[in-house]
Amino acid sequence: RCRGIPGDVCEFGVAQGETSALIANELRSTSKVLHLFDSFEGLPRPTDKDQLKDDIFSLGSIEAYAGTMACSEELVRARLRAISFPERRVVVHAGFIERVLERDTSLPSTVSFAYVDFDFHAPIKRALEFLHTTTSRGAIVIVDDYDFFSTGAKAAVDEFLAEKNAAAPIYECVVPDRRHGHFAVVTRVS
């Protein structure tokens, strides 16, 4: 649905790169660049907005998840090479999102599609704020783990929508049936 919309494609939180490869495969027939954002150090420390909802690794507390889920950048690049996606169309933004958005000079200026899988409130909210400045009508943002794992993902999406839609509708949000996963699909409508 976003192929005809101007802009590149972003994934925020790439882990081992499985979703990156899936997205890259869909971009083959386009000239869009794939921007991958990840700390490659695992999850950040949670905030008070991140309460444990589903203990997916049975760690007992949300604080225990800090640093988990770390994967290497090389693993992600290897997955993309395995599907022969052109390396010149991949930009990796390594580091925690707050620092990357402050210092990185290779950020996309326009985004047509983004997949946000940062798990916790603060990085998700920061990614959504960045996307608000780079998306246009028709752009789609999918936020993973909505109302799953940490309460932070849902809180970040709900806060963002309430703030941005306060004066007039800018975004629509659809939450698919939970049998299909835990996602919020946010579409920019104006």
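Owing to the predicted nature of the structure, the values given are computational and were not obtained by experimental measurement.
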*Are Val185 and Val175 in one and the same hydrophobic cluster, where Ile, Leu, Val, Met, Phe, Trp and Tyr link if side-chain heavy atoms are under 4.5 Å apart?*
no
*Hey, does Lys32 have a side-chain heavy atom less than 4.5 Å from the side chain of Glu26?*
no
*Between Asp54 (side chain) and Ile56 (backbone), is there a donor-acceptor pair under 3.5 Å?*
no
*Under the ring pair (Phe, Tyr, Trp, His ring centres under 6.0 Å) rule, collect the residues that match up with Tyr171, sequence neighbours excluded.*
His132, Phe160
*Atom CZ of Phe85 and atom CD1 of Ile23: how far apart are they, to the nearest 0.5 Å?*
10.0 Å
*Nearest 0.5 Å please: distance from the OG1 atom of Thr151 over to the CG atom of Asp50.*
6.0 Å
*Heavy atoms, side chains only, cut-off 4.5 Å: are Phe130 and Pro108 in contact?*
yes
_Single-linkage hydrophobic cluster, 4.5 Å side-chain cutoff, Ile62 and Phe148 together_ = yes
*Phe183 vs Tyr115 side-chain heavy atoms within contact, under 4.5 Å*: yes
*In sequence, state the C-alpha distance, the side-chain angles, and the governing distance for Ser58 and Asp55, and then conclude on side-chain hydrogen bond (donor to acceptor under 3.5 Å, both in side chains).*
CA-CA 5 Å; Ser58 301; Asp55 196 357; 5.2 Å; no
*Please round to the nearest 0.5 Å and tell me the distance separating atom OG of Ser61 and atom CD of Gln51.*
10.5 Å
*asked:* Contact between Leu59 and Thr68 at the side-chain level, heavy atoms closer than 4.5 Å - yes or no?
replied: yes
*Would you say Tyr65's side chain and Pro46's backbone share a donor-acceptor pair under 3.5 angstrom?*
no
_Using every non-hydrogen atom in the two residues, find where His121 and Ala156 come nearest and quote the distance to one decimal._
CD2-N, 3.4 Å
_Counting only heavy atoms from other residues, nucleotides and ligands, does the tally under 6.0 Å from CZ of Arg45 exceed 12?_
no
*What's the shortest heavy-atom distance between Ser136 and Ile5, and which atoms?*
OG-CG2, 4.3 Å
*Is there a path from Val141 to Val9 through hydrophobic residues (I, L, V, M, F, W, Y) whose side chains come within less than 4.5 Å of each other?*
no
_Nearest-0.5 Å distance that lies between atom CZ in Phe113 and atom OG1 in Thr187_ = 10.0 Å
*Is there side-chain contact between Asp119 and Asp117, with at least one heavy-atom pair below 4.5 Å?*
yes
*Taking atom CD1 of Ile124 and atom OG of Ser150, what is their separation to the nearest 0.5 Å?*
7.0 Å
*Would you check, one step at a time, whether the test side chain to side chain contact (heavy atoms under 4.5 Å, CB included) holds for Asp147 with Lys53?*
CA-CA 8 Å; Asp147 204 23; Lys53 185 167 177 23; 2.8 Å; yes
*Non-hydrogen side-chain atoms of Lys49 and Glu159 separated by less than 4.5 Å*: yes
*Rounded to the nearest 0.5 Å, what's the gap from CD on Glu11 to OG1 on Thr19? Could you check?*
5.0 Å
*Do the side chain of Ser112 and the main chain of Gly7 share a donor and acceptor less than 3.5 angstrom apart?*
yes
*Mind checking whether Phe37 and Leu22 sit in one hydrophobic cluster, side chains of I, L, V, M, F, W, Y counted as touching below 4.5 Å?*
no
*Let me see the working for Leu52 and Phe149 under side chain to side chain contact (heavy atoms under 4.5 Å, CB included), right down to the final yes or no.*
CA-CA 6 Å; Leu52 188 60; Phe149 175 50; 4.1 Å; yes
*Backbone N or O of Gln16 within a donor-acceptor pair of the Arg79 side chain at under 3.5 Å?*
yes
_Which residues pass the side-chain hydrogen bond (donor to acceptor under 3.5 Å, both in side chains) test with Glu172, not counting sequence neighbours?_
none
*Which heavy-atom pair separates Val143 from Leu128 by the least distance, and what is that distance?*
CG2-CD2, 4.2 Å
*Main-chain N/O of Ser72 paired to Arg77 side chain as donor or acceptor, under 3.5 Å*: no
*Grab the two heavy atoms, one from Phe12 and one from Ala114, that are nearest each other, plus how far apart they are.*
CE1-CB, 4.2 Å
*Show the numbers, then the answer: is there a side chain to side chain contact (heavy atoms under 4.5 Å, CB included) between Leu75 and Phe40?*
CA-CA 10 Å; Leu75 175 63; Phe40 300 105; over 6 Å; no
*Are Leu101 and Phe96 connected in the hydrophobic side-chain network, where two residues link if heavy atoms are under 4.5 Å apart?*
no
*Student check: side-chain heavy atoms of Val76 and Val90 closer than 4.5 Å*: no
*Under 30°, 30 to 60°, or over 60°: which ring-plane class applies to His35 and His93, parallel, tilted or perpendicular?*
parallel
*asked:* Looking at Arg89 and Leu27, would you say the former's side chain and the latter's main chain have a donor-acceptor pair under 3.5 Å?
replied: yes
*Could you check if a side-chain atom of Leu131 sits within less than 4.5 angstrom of a side-chain atom of Val116, using non-hydrogen atoms only?*
yes
*Which heavy atom of Val111 sits nearest a heavy atom of Cys10, and at what distance?*
CG2-SG, 3.7 Å
*Where is the tightest heavy-atom contact between Cys173 and Val186, given as atom of each residue plus distance?*
SG-CG2, 4.1 Å
